[in-house]
Number of protein chains: 2
Amino acid sequence: MNDHEIQDLEPGFIFQRVARQRLRLTDKRLVPYHLTSAQVFMLNWLLHRDGMTQKELAQRLSIGTVAVSGMVDRLEAANLVYRGEDPTDRRAKKVWLKESARTNKELLSGIAKEINDVSFQGLSKDEIKKLLSLMERVRRNLAEALDADDASQWLNTRPIGGKDSDIAI
Amino acid sequence: MNDHEIQDLEPGFIFQRVARQRLRLTDKRLVPYHLTSAQVFMLNWLLHRDGMTQKELAQRLSIGTVAVSGMVDRLEAANLVYRGEDPTDRRAKKVWLKESARTNKELLSGIAKEINDVSFQGLSKDEIKKLLSLMERVRRNLAEALDADDASQWLNTRPIGGKDSDIAI
DNA sequence: CAAATTCAATTAACCTGTGTATTATTCGTA
DNA sequence: TACGAATAATACACAGGTTAATTGAATTTG
């Protein structure tokens, strides 16, 4: 297992795999409830505070408003949330929980706890704390970089792979 | 910013965001080359070792063979790889790099390095090492759990959200 | 006030991942 | 040897993310 000329790509690769495998494991636990990890993240924010606009929800979840739109569609179809109007802005829609979602709070946090236990097995409390605080710093670094990036613009267009290499639409 | 009743979900949320924001930033840097992060991960394994079957590639990347199939399609269309036959197994296909991909190795690792620099800004060498080794342990924990999970089976089917809550197909 | 711009949500098209089912081939074994 | 089980790739259908374009409402500004 010395497949390691990788080096530079390795960090991203580990981050990637940890995140994806956590999702996979969580999704497996959620199958009986016909829910997905992403939906649980959203429900959790709503359990914390109801009636946010989709825009606000998107910011909380660090995803685009388009992704929120689709997810609210599915949660609405699943009878867990509903859209209401924003009295002060007719463009916006507020998302509210239905009772059916509210009554299952413990179930969801139980699953979350189980996944954490699995993830952190063998790590001391201090190590877990350290890990999370380092990850939080990385998260902030990336958030900053993305913000800064949006400010400037990135031109330049030179595909690799030769003449027929335009895979973009 | 005390939106923290979250707790149990928080770790997964941080992992999630770090992974996704790294991808977003990387994808932005890759736009000029008409490549995506996932494609770079695959190209990198192939730069390391050519001529693996798609199955092997899937194992290295910890993704399913279906995902590999699609990605190889797109990389083939982009003139960066091609499929060859496996002389010992006519079911299998081996994936080979084209020269056009091989000549851009430094470019890709340059971008990878840049993303790492951004991610780890302000962290000491020791902290980075610590972070990666802790993440690696988490990764192994999750891999084990997923393996164990595949061994047993998960029945039980009880959707939350009341009678009309079946959003599953 | 009217015109121009900004903004929330959505649609469309795409990439990447999943699970399930199919097909063709290989392998184990009776 | 022949048959049944396992396996590699893939088609299909879906979730969830992205960007770009559209629509309708709000806001800025001339």
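Every chain is numbered from 1 and lettered A, B, ... according to where its sequence line falls, protein lines coming before strand lines.
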So which nucleotide from [options] ends up closest to the side chain of [X]?
X: A/Lys55; options: C/dT16, C/dA9, D/dG16; result: C/dA9
X: B/Ala38; options: D/dT10, C/dT16, D/dA8; result: C/dT16
X: B/Ala67; options: C/dG17, D/dT18, C/dC15; result: C/dG17
X: A/Lys28; options: C/dG19, D/dG17, C/dA9; result: C/dG19
X: B/Arg20; options: D/dG17, C/dT18, C/dC15; result: D/dG17

**Request:** Give a yes-or-no answer on whether the side chains of B/Ser124 and B/Asp126 include a donor-acceptor pair shorter than 3.5 Å.
**Result:**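 Judged by distance alone, the side chains do not pair up.
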
Within the structure, does a side-chain N or O atom of [X] lie under 4.0 Å from either OP1 or OP2 of [N]?
X: A/Gln54; N: C/dT10; value: yes
X: A/Lys94; N: C/dA8; value: no
X: B/Arg83; N: D/dT10; value: yes

Have a look at [X] and say if it touches a base, only the backbone sugar-phosphate, or nothing, with a 4.0 Å heavy-atom cut-off.
X: A/Gly64; result: sugar-phosphate
X: A/Thr53; result: sugar-phosphate
X: A/Val66; result: base

Would you call [X] and [Y] a salt bridge, taking side-chain N to carboxylate O under 4.0 Å as the test?
X: A/Glu136; Y: A/Arg140; value: yes
X: B/Arg137; Y: A/Glu127; value: yes
X: A/Arg102; Y: A/Asp50; value: yes

**Asked** Would you call A/Asn116 and A/Arg22 a side-chain contact if the rule is heavy atoms closer than 4.5 Å?
**Response**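 Touching, per the 4.5 Å side-chain cut-off.
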
**Message:** Ring-plane angle category for B/Phe13 and A/Phe41, please: parallel below 30°, perpendicular beyond 60°, tilted otherwise.
**Reply:**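 Taking A/Phe41 first and then B/Phe13, their aromatic rings sit tilted (interplane angle of 30° to 60°).
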
**Interatomic distance, B/Gln39 CD vs D/dT18 C1' [rounded to whole Å]** = 14 Å

**Message:** Using whole Å, what does the distance between atom C1' of nucleotide D/dT18 and atom CG of A/Leu61 come to?
**Reply:**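 Whole-Å distance recorded here is 16 Å.
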
**Message:** Walk along nucleotides 22-29 of chain D from 5' to 3' and tag each nucleotide B, S or - by protein heavy-atom contact under 4.0 Å, base first, then sugar-phosphate.
**Reply:** --BBS---

**Over 12 foreign heavy atoms within 6.0 Å of CD, B/Glu85** =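 Count not over threshold, so no.
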
